[in-house]
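In what follows, a single structure is set out as structure tokens and then discussed.
To find a chain, count down the sequence lines: A is the first, B the second, and so on, and within it residues start at 1. Since this is a predicted model, take the numbers as computed values, not measurements. Quick note: numbers below take in every heavy atom, side chains included, and nothing from hydrogens, waters or symmetry partners.
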Amino acid sequence: MDVSDLLNSLNSAQREAVCVSPGHHALILAGAGSGKTRVLVHRIAWLIRTGAASPYGVLAVTFTNKAANEMRGRIEELLAMPASGMWVGTFHGIAHRLLRAHYQEAGLPQGFQILDSDDQYRLIRRVLRELDLDEKQWPPRQMQGFINRHKDRGERPDQIKVHQGDLFQDVALKVYRRYEEICRRRGAVDFAELLLRAYELFLSRREVLEHYQRRFSHILIDEFQDTNTIQYAWIKLLAGDRGELFAVGDDDQSIYGWRGAQIENIHQYQRDYANVELIRLEQNYRSTGNILNAANALIAKNADRLGKNLWTEYGEGELIKLYGAFNELEEARYVVEQIEGWIAEGHARSEVAILYRSNAQSRVLEEALLYRSIPYRIYGGMRFFERAEIKDALAYLRLSMNRDDDPSFERVVNTPPRGIGARTVDNIRELARDRGISLWRAAEELIASKGLTARAANAVDSFIQLVEQMAGDVQGSSDVDMSLNDEGGQMDLHEQIDHIVQLSNLIEHFKKEKGERGQARIENLEELVSAGRQFEFEEEEGIDELGAFLAHAALEAGERQAGEGEDGVQMMTLHSAKGLEFPLVFLVGLEEGLFPHQMSLDEPGRLEEERRLCYVGMTRARERLVISYAEVRRLYGQEKYTRPSRFVSEIPAEFIDEVRIRGQVSQPLYRVPEEEQSHEFSLGQRLFHAKFGEGTLLDFEGSGAQARVQVKFDRAGTKWLVLAYAKLERIG
DNA sequence: CCTCAGCTGTTTTTT
DNA sequence: ACAGCTGAGG
């Protein structure tokens with residue numbers, strides 16, 4: 001079969017990667033902008049076109065749904081046929097699919113539910129309450145972290161090594177145990193559990209494992225540097241002796257160590273398999289030379305790299321602009337001014353990205369853009385299916401399908417408020433626990449046995465009636481699993497959702513919420529109905545349409561809220577920028593303590609991750625890169641004098657064009673020894689005495705004029721006494 | 001059930 | 001600074 005058309009468009013390293021011969025595993029170190037997805041997609045097409053694999057034998061795993069969708073789309077485009085039969089998905093999506101198909105072997109109920117992080121958090125809080133643990137002393141977040149950390153490492157409670165006398169561990173373990181028990185009883189599975197269960201399924205059911213080992217002759221992994229322990233263990237198991245692995249990643253872009261990613265897996269992989277072909281993709285098709293070389297120089301400061309030097313055929317391009325702003329407002333002002341210049345050159349706003357270390361930084365920038373009427377999109381914040389109103393509606397839906405769904409019961413029993421207070425719910429919970437029945441059943445019993453005050457009983461009964469009515473309407477009166485609409489035909493998913501939203505009175509409830517928030521919630525509920533309409537259900541083993549929709553809601557929480565459609569400047573954290581590229585990139589807030597973040601300063605490993613993050617940010621830029629920092633930043637309500645990020649000085653000066661601060665702000669006067677508390681100096685004919693006030697701010701007094709003097713740090717970290725003209729005030 | 005004062009935490013985020 | 005939550009009181 002002639003595959004030259006597949007290979008023609010590739011450079012030699014890419015071609016080598018695509019054509020790795022049978023019997024070999026591959027590790028493709030794909031630098032930023034080197035055509036990583038391209039290689040992955042061409043590899044799959046090549047495998048299929050040469051007959052090395054059938055679509056049925058290919059498994060491609062990614063981390064995000066976005067990456068998975070993009071990959072599938074590009075494969076289909078390249079092969080000019082649907083990639084059906086091929087498994088392309090996220091680790092979680094694929095684990096979910098396996099567990100659905102083998103729910104019995106995995107010890108799960110058929111319609112097991114997926115808990116998202118919020119569901120998990122709520123459940124953990126419930127466990128804490130049940131175990132009489134004080135949330136102040138045992139923060140649910142930490143318990144959640146503990147549980148997930150261990151699951152990510154494949155550890156069940158019994159496998160955790162207990163340190164003698166570690167109270168936190170003791171308690172956390174107890175919580176983990178109880179949490180697991182409840183999940184098992186409810187048939188609920190959290191994100192980490194999906195992976196762990198899929199792994200254990202393979203371990204305990206040889207026949208299942210062997211089936212998939214036979215099936216998947218080729219396993220391709222995207223963003224390999226981001227895999228955690230359990231993901232890699234699962235891959236190894238699945239590959240077995242014969243499966244061929246094709247791992248693509250970049251150790252320099254590993255920025256998720258804090259959530260369990262093991263960069264180590266890249267090294268381990270080469271140790272685990274004898275015949276791993278290591279191929280480096282070093283030609284960059286994204287950025288101009290100066291940007292790339294600057295990024296190379298920065299990342300070279302990290303120890304422990306597999307090593308790689310990106311190069312480009314593009315010219316040097318522009319120098320990186322560096323701007324030291326007076327404060328964060330002025331920084332934002334500068335950024336906006338630059339954007340206006342860019343737009344004036346005839347570019348689109350969406351070609352511009354502002355990247356920052358933490359979300360809190362977005363506000364000031366947003367205000368500056370707003371002030372100049374520049375449309376923007378912010379990535380981040382709540383996602384569609386994570387929103388409270390959406391989860392409320394889904395809880396009604398769940399409950400009407402399964403009355404014993406306790407978390408859903410708890411969620412909506414008094415939403416909208418119908419007079420069922422905490423007291424009443426406590427009573428219900430207590431009975432449920434004592435008798436080992438669901439909250440629903442307990443509620444029914446309490447009404448029957450007159451275990452509630454008349455008022456409470458009434459309220460609970462109205463809730464029960466409401467859900468029964470929903471269930472009856474949606475499912476039709478018969479026991480047959482058939483939902484009927486007004487015409488007596490089957491109710492579609494979106495009709496069911498719509499019906500439940502209407503009956504629940506959620507819309508009326510949110511109308512009362514003040515501000516635009518209630519309106520937004522109502523719109524989201526409407527959006528949920530259309531999400532139901534658009535949902536494409538593919539017949540699959542072990543799941544019905546509603547179940548598939550609910551799983552979809554958990555696994556693909558939907559787009560991040562962002563100003564849609566319009567051509568706008570893109571704003572996001574450095575983390576969410578990974579994988580993207582923009583002609584013009586602003587990297588703002590390069591200050592010690594902010595970026596690198598304070599929390600990562602004490603550990604060399606974490607500092608290196610910050611440096612990689614900076615590297616990721618820089619390599620997002622195609623044509624123009626602007627780096628900025630503020631000398632004064634208001635953070636957490638306090639003004640802080642900052643020094644420029646070490647990353648700024650790690651970029652060789654030859655790539656940088658330091659933009660002068662125009663006139664108004666600062667001028668170095670004296671170099672100040674670190675330990676000096678006051679300073680005497682002359683300015684013009686006057687002698688001044690400046691002494692340190694609070695922190696590093698100097699109060700400066702002179703006769704006839706009053707000015708302020710500050711301590712600032714230059715790029716090299718040298719401390720200077722600086723006259724802040726901006727603050728100069730003349731008296732008399 | 002609602003409101004308001006007081007307290008707390010505040011890196012990054014997918015699934 | 002400030003959002004989000006809790007607990008007290010109306």
Hey, does [X] reach any base, or is it just sugar-phosphate, or nothing, if we go heavy atoms under 4.0 Å?
X      : result
A:G419 : sugar-phosphate
A:R125 : sugar-phosphate
A:N65  : sugar-phosphate

### Task
Output yes when at least one side-chain N/O atom of A:Y256 is less than 4.0 Å from OP1 or OP2 of B:dT11, else no.
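Looking at the OP1 and OP2 atoms of B:dT11, neither is under 4.0 Å from any side-chain N or O of A:Y256.
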
### Task
Check whether any side-chain nitrogen or oxygen of A:N228 sits under 4.0 Å from OP1 or OP2 of B:dT15, and answer yes or no.
no

### Message
With nearest nucleotide decided by heavy atoms, which residue, A:E610 or A:I420, maps closer to the 5′ end of DNA chain B?
### Response
A:I420

### Task
Return the 5'-most residue of the pair A:T90, A:P416 with respect to DNA chain B, ranking by each residue's nearest nucleotide.
A:P416

### Message
Given the structure, check if the side chain of A:S117 and the base of B:dT15 hold any donor-acceptor pair shorter than 3.5 Å.
### Response
yes

### Message
When you measure only distances, ignoring hydrogens and angles, does the side chain of A:R383 come within 3.5 Å of the base of B:dT15 through a donor and an acceptor?
### Response
no

#### Entry: Where chain A begins and ends its contact with DNA chain C, read 5' to 3' at 4.0 Å from heavy atoms
C:dA1 to C:dT6

### Task
Could you check whether A:W258 and the base of B:dT12 form a stacked pair, meaning centres closer than 5.5 Å and planes differing by less than 30°?
yes

### Query
Do any of residues 356-369 of chain A sit with a heavy atom less than 4.0 Å from DNA chain B, and if so which?
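Of all residues in residues 356-369 of chain A, the ones placing a heavy atom under 4.0 Å from DNA chain B are A:R357, A:S358, A:N359.
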
Do we see a donor-acceptor contact under 3.5 Å between the side chains of [X] and [Y]?
X      : Y      : result
A:E591 : A:S645 : no
A:D134 : A:Q137 : no
A:E389 : A:N524 : yes
A:Y179 : A:D190 : yes

#### Entry: Distance in angstrom units between A:H597 NE2 and B:dT11 P, rounded
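In whole Å, B:dT11 P lies 5 Å from A:H597 NE2.
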
